[in-house]
Colleague: 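Sharing a structure with you now.
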Protein chains: 2
Amino acid sequence: METEKKFSVPDTIAVLSRTPAILNALLRGLPETWVSSNEGGQTWNAFDILHHLILGEQTDWMARVQIILEYGERRTFDPFDRLPESVRNGGESMEQLLDDFARLRGENLIALATLSLQPADLVRKGVHPAFGVVTLSQLLATWMVHDMTHLHQVSRVMACQYRDAVGPWSAYLGVLTAAGG
Amino acid sequence: METEKKFSVPDTIAVLSRTPAILNALLRGLPETWVSSNEGGQTWNAFDILHHLILGEQTDWMARVQIILEYGERRTFDPFDRLPESVRNGGESMEQLLDDFARLRGENLIALATLSLQPADLVRKGVHPAFGVVTLSQLLATWMVHDMTHLHQVSRVMACQYRDAVGPWSAYLGVLTAAGG
């Protein structure tokens, strides 16, 4: 079976465009205890994860696409602050955060489509502040995988609230013992 | 912050009732390559995961609830075959599988609500073929965590298709390196 695929802009957009509806189905109207609980200590709860995804839409993904297209390797990407404390404690409701994320993602995907990226664009290069040279296709693939990372995280955060409640079944339930990520 | 919650029937149903819509938002109409690819070898793709979830609705979760309520510790649960080869290769479309799962889950949640479980019911006991004595609340908590396990798995399977495409960003993307589960 195929276990890895080549990068494709339409396939990437197919996932990116679904993430707001996935998070909406999972989190909208869910009892407070599921969305406000975390994995202990300073780990993130669902509110933190939404704030972080919104920041990515506002300051990270498309901003970096634009830097690659305009400046290439002449301008290093701005560092991305994953979750400033001021944002983390903004007090928005989950419904507001889901609405904001859906709107921003929609706007960004329209902006991406408007670029009409060609194969030659996908190998254009930019400079990441930590990794050095990266390509546009790597940036877009990361945007999609990053969504999956946080969907993975939300499902793990929720599952771990029942770590004790499942009793002996915890031995079978991989999500309760998965490495952080 | 709270990091673990006590078992609650309404909170559990709140999640169980959402899973079909979550999977629908994620998988319906998604390009074939995302849903038919796995993590290598005999690991599961999205079709396998849906088949497995459907089997759970048909033969596992509510069947075990009924065994606990009718027989208690006098009858061991039937073993659950996670994914018989005959089922795995049934040839159904993803749309059909999503529809089947949503219908079966809906029927099971109606059956669960009809039981009007009381606190005294939740501590009633059954016998798992591998673990021995378990309680009804542990079974119901496991049903919910099991959903999260497979949501977690689907997001991981999809993300790993871009393991190479993300280039150096793989260092930041936990889902690409998470333990199996």
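In the text below, chain A, chain B and the rest are named by the order of the sequence lines, each starting its count at 1.
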Colleague: For a quick test of reading the model, state the closest non-hydrogen atom pair linking B:A171 to A:F131 and the distance between them.
Modeller: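 Of all heavy-atom pairs spanning B:A171 and A:F131, the closest is CB-CE2, 4.3 Å.
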Colleague: Which residue pairs pass the ring-ring contact (aromatic ring centres under 6.0 Å, His included) test with at least one member in residues 80-122 of chain B, sequence neighbours excluded?
Modeller: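 Qualifying pairs: B:H52-B:F80.
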Colleague: Distance from A:H150 atom NE2 to B:L173 atom CG, nearest 0.5 Å?
Modeller: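 Going from the NE2 atom of A:H150 to the CG atom of B:L173 covers 8.0 Å.
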Colleague: Surrounding CD of A:Q42 (heavy atoms of other residues, nucleotides or ligands, distance under 6.0 Å), is the total greater than 12?
Modeller: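 Check fails, neighbour count at 12 or below.
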Colleague: Measure A:L140 against the heavy atoms of chain B and call it side chain, backbone, both or neither at under 4.5 Å.
Modeller: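 Contact with chain B involves no heavy atom of A:L140 at all.
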Colleague: What part of B:H128 is in contact with chain A, defined as an atom under 4.5 angstrom from a non-hydrogen atom: side chain, backbone, both or neither?
Modeller: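 Contact with chain A: side chain only.
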Colleague: Shorter than 4.5 Å, heavy atoms on both sides: which option in A:V166, A:L151, A:V133, A:V134 has the most such pairs with chain B?
Modeller: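 Highest number of heavy-atom pairs under 4.5 Å: A:V166.
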Colleague: Of all heavy-atom pairs between A:P168 and B:Q138, which one has the smallest distance, and what is that distance?
Modeller: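 For A:P168 and B:Q138, the tightest heavy-atom pair comes out as CD-OE1, 3.6 Å.
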Colleague: How far does NZ of A:K6 sit from OG1 of B:T33, to the nearest 0.5 angstrom?
Modeller: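 Atom-to-atom, A:K6:NZ and B:T33:OG1 are 12.5 Å apart.
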Colleague: With a 4.5 Å cut-off on heavy-atom pairs, point out which of A:T135, A:L30, A:V154, A:V157 contacts chain B the most.
Modeller: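 The residue among A:T135, A:L30, A:V154, A:V157 with the greatest pair count is A:L30.
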Colleague: Spell out the residues in residues 11-27 of chain B that have some non-hydrogen atom less than 4.5 Å away from a non-hydrogen atom of chain A, in order of number; otherwise answer 'none'.
Modeller: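 Result: B:D11, B:T12, B:A14, B:V15, B:R18, B:A21, B:I22, B:A25, B:L26.
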Colleague: Please check if B:Y71 and B:V127 belong to a single hydrophobic cluster, counting links between Ile, Leu, Val, Met, Phe, Trp and Tyr side chain heavy atoms closer than 4.5 Å.
Modeller: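 Not linked; separate clusters.
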Colleague: Given a strict heavy-atom distance threshold of 4.5 Å, which part of A:M144 is in contact with chain B: side chain, backbone, both, or neither?
Modeller: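 Side chain of A:M144 only, per the 4.5 Å heavy-atom cut-off to chain B.
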Colleague: With chain A, which of B:P10, B:G29, B:A130, B:S137 has the greatest number of heavy-atom pairs at distances under 4.5 Å?
Modeller: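 Option with the greatest count: B:G29.
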Colleague: Write down the atom of B:M148, the atom of A:S155, and the distance for their closest heavy-atom approach.
Modeller: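 It is CB-O, 3.5 Å.
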Colleague: Which heavy atom in B:Y162 sits nearest to a heavy atom in A:A141, and how many Å separate them?
Modeller: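 The answer is CD1-CB, 3.7 Å.
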Colleague: Is any side-chain heavy atom of A:D164 less than 4.5 Å from a side-chain heavy atom of B:F7?
Modeller: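 The answer is no; the side chains never approach within 4.5 Å.
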